[in-house]
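Working notes for the structure below.
Nothing fancy with the numbering, it's 1 onward along the sequence.
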Amino acid sequence: MSMDVKQYMQELGRRAREASRAVARADTRQKNAALLAMANAIERDVARLMAANAQDLEYARVAGYDAALLDRLALTEKTVAGMAEGLRQIAALPDPGAGKPEPLASTAPSEFWYVRFDDIRVMLQALDEAEAWITPMAHIMEERAEVRNLSRRYQRQLGLERSGLAKTLGHTVVQRVAVMGSDPYLREGSDVTMVFQLHNQTVFDTELERHMASYQAQIPGIATRTITHGAHTVTIKTDPDGLVRQHRALVDDFAIVSNSEGAIRAVLDAIDGKRRRLSDDKDLAYMLARDPGEHDGFAFLSDHFIAEVVGPRQKILAAQRQQALAELLTPGYAALLYGWLEGRAPADTETLIASGLLDREELRHEDGSVIRFAPGDTARSTWGSPAALTPLIDRPRPTVVTEGERAAYDQFARGYQDYWRQFMDPVAIRLDIEEAGGRTEATVDIRVLPLIAGTDYGEIEAVVGNERIEVPALSDGIQAVWAVGSDSDLRRQLDRSASAFDSKGDIGLGWLGDWVMVGSLDRRALVEALVALDDDIQRPLDDAQDDDGRELKAARQIGKLPVYAAAHVKNPVAMVTTLTAIRKAINEIAPGMVQWGEHSRHGEYPIVRVGIDPDAQFGQFADALALYYVQAGEVFILALQPSTLETLIDRVTAGDTPRRGVDGGPQMVIEAQLAQGRASWTAAAWALQGQANRSQAASRAAAEILLRGDPSLTTPEQLVERGLDYFGTYPVTASGRTDFSLGPEGVSDPLHGSAIAPAFPDLPVPDSPIAALMSRLTGVRATVAFDREPIEMEPPARSLHTRLHLQLGSGD
């Protein structure tokens, strides 16, 4: 009997090995057909399976197996049906073998973030765009008055210079390049590792030595040493202040350059297979199969990376490092306070301590490690400096935590678990760049799993439901369109609100079709309204008016806006009934207050005006502000200006309107066309300037601290250097400059003046981040979809799919 069992198992293994070869050769269609055939066979032969299982159970009872094992062996009709359903779910999943393997993922630890470029020139182009306007614009939108020079910091730490790199290390030298790191704290200080897949090692090494020679001429004391990790030699070049931290190794055709010893050791272990690699992760295989295709750039955040970021090691280390940062900032603040009080910078650290503004114990961290500081220089310790803290991966893993740290992490973990109610999964970002006719077109494709309940994304999904839309390209202006599915929560909520307003039920959204839309035409009124209504735009003030005058002027400006809202109508009769009921309700609430009637016609369509009666209360606003609407075919349009309606009617007549889309299409589309010199371009530039102006109080305060605290600062370059020394950041003006000055009216700059004596430059200011953005970004189209994932789960698994298409450059 034992030989029979052995022979039987060997035969099963031989047949399984043969089958595995056949499966490896099969395409997705063949694999899915086999899975579905197995599911059908299981359902067809339920009786035979149950009979065979009964025999197995009887043999097991006779053999004396315990009850728990017998229970696991037992089949029921429900478990057999579950087996068939499980095979069908597998067939519905993307085929992991269908996606092209990510070429450098085998070099990345699975818990690292990962970005790959197929051409180093694409990577450098992306960095150029980021440095030119993306990063400064992020500061403006965040209302941050500080700049950290991150690109310069990491280039120097890696011993690389971007200038000329693309020309020297083109496709003949570097086949592709990946950038990776273990945490998201790039602002504070993080590990960054670059992996170059080489065609020509000699040219690559020569170029890197040239870069290092440039840094050696600028930074004293750069020394070289080597360490061994496994079978690999790591060459390390650093200076005493840690400005340069280059770690280099070569493995086959991979050249690895990192600013962190801990990171390069992790990457080498991944290459050697001693550490879990990103290429081994099932979530990466799923994402590659989910959206197959080749792209110029690919970025990936795995669930292992997210787990590390929210895990106790990184969170507690990050908190400890923030405490250390506060301690590193203390001596610089003390030196500036001394300068503010004494009118001169302290001569040395002992002078500062003798003044009582800095305690000697404040030159030690809470953990006892020493802080090295001299006035006019940066504070440094084993935690790094304010401008560049030591990467977390290079800090010892915490073995003991305080009660406060434990309680803080427990509180974070509870909140995080409440937020991520289902599971953690990956984020994949794909980048493609095309050059055509002097214009660069960049497409960024982002898929996030899962769609998290209780977030803004979940709220948007509740609006659109399952409906899809197709939206023609916009010729001018700004527009947002979103689907409104029959299962939309918005539809149900508005219907309930309308029922409360109208007991007869005549007011509702039963007439609403597949989509709604809001937007603005490209008209001068946008700029005029922005200047009148946005106090943050730094423009000369008009003569003072009384309150009534200001309100009337604001109403006139709003009434001129070329904005509109439109909706698809599936039931015209219901819509007319709704409008009639609304009119009746308004007359009952405010009799004689509102005039409602035909204003004009455009072609065959009557335009209706709804406005304040000139003889009623607030009649002075009758000519300033009104609503106009029209039903043009299957589209209902609402606007503040009849001319806006006429333009929209022409679009409807030409068939240039959204329509129901197909599965896989978007559910929300946002688009803007910003032709230089046009009204929407000017309005966008001025609105961004207003956003930048909001940060100026903080920026001027930081500049004043530096200028009063160190009177020896006489140039913008010195202010930048001292800011980086003491704070790790430096302030910038509303136009991205550093030429602050200190005078009787306080801190000012040549372009924008001061808080009490403002100046009004032409907008956008030349050479500012806003001007850089407005000269580059000429069009943007963003699409959003909430896709059901091809796997049966409860609740259903959904992903957020966003595509961002950018038009960069005028194309002239």
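- Here the shortest heavy-atom pairing between E604 and P606 reads O-CD, 3.6 Å.
- Counting only heavy atoms from C-beta outward, the side chains of D656 and S475 never approach each other to under 4.5 Å.
- Heavy-atom contacts from other residues, nucleotides or ligands closer than 6.0 Å to CZ of R601 number more than 12.
- Atom CZ of R694 is surrounded by more than 12 heavy atoms from other residues, nucleotides or ligands within 6.0 Å.
- For the residue pair S151 / R162, a side-chain donor-acceptor distance below 3.5 Å is found, with atom types taken as modelled.
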*asked:* Would V784 and W482 count as a side chain to side chain contact (heavy atoms under 4.5 Å, CB included) here? Give the steps.
replied: CA-CA 9 Å; V784 180; W482 59 94; over 6 Å; no
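- At least one side-chain heavy atom of S520 sits under 4.5 Å from a side-chain heavy atom of L526.
- Ion pair R468/D787 flagged as a salt bridge, since at least one NZ, NE, NH1 or NH2 atom sits closer than 4.0 Å to an Asp/Glu carboxylate oxygen.
- The distance from the CD atom of Q479 to the CD atom of Q673 is 11.0 Å, given to the nearest 0.5 Å.
- Counting heavy atoms from C-beta on, the side chains of H602 and V630 never come closer than 4.5 Å.
- Heavy atoms from other residues, nucleotides or ligands lying under 6.0 Å from CD of E434 number 12 at most.
- Residue pairs meeting the side chain to side chain donor-acceptor pair (under 3.5 Å) criterion with at least one member in residues 732-741, sequence neighbours excluded, are S735-H752, R737-D739, S741-S748.
- In this structure, D650 places its CG atom where more than 12 heavy-atom neighbours from other residues, nucleotides or ligands lie under 6.0 Å away.
- Between V484 and E467, every side-chain heavy-atom pair lies at or beyond the 4.5 Å cut-off.
- Atom CZ of R609 sits in a crowded spot, with more than 12 heavy atoms from other residues, nucleotides or ligands closer than 6.0 Å.
- Using bins of under 30°, 30° to 60° and over 60° for the plane-to-plane angle, the ring pair F636/Y629 lands in the tilted bin.
- The local environment of CD in Q557 is crowded, with over 12 non-hydrogen atoms from other residues, nucleotides or ligands closer than 6.0 Å.
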*Taking it one step at a time, do L150 and R187 satisfy side chain to side chain contact (heavy atoms under 4.5 Å, CB included)?*
CA-CA 7 Å; L150 295 185; R187 280 180 174 169; 4.0 Å; yes
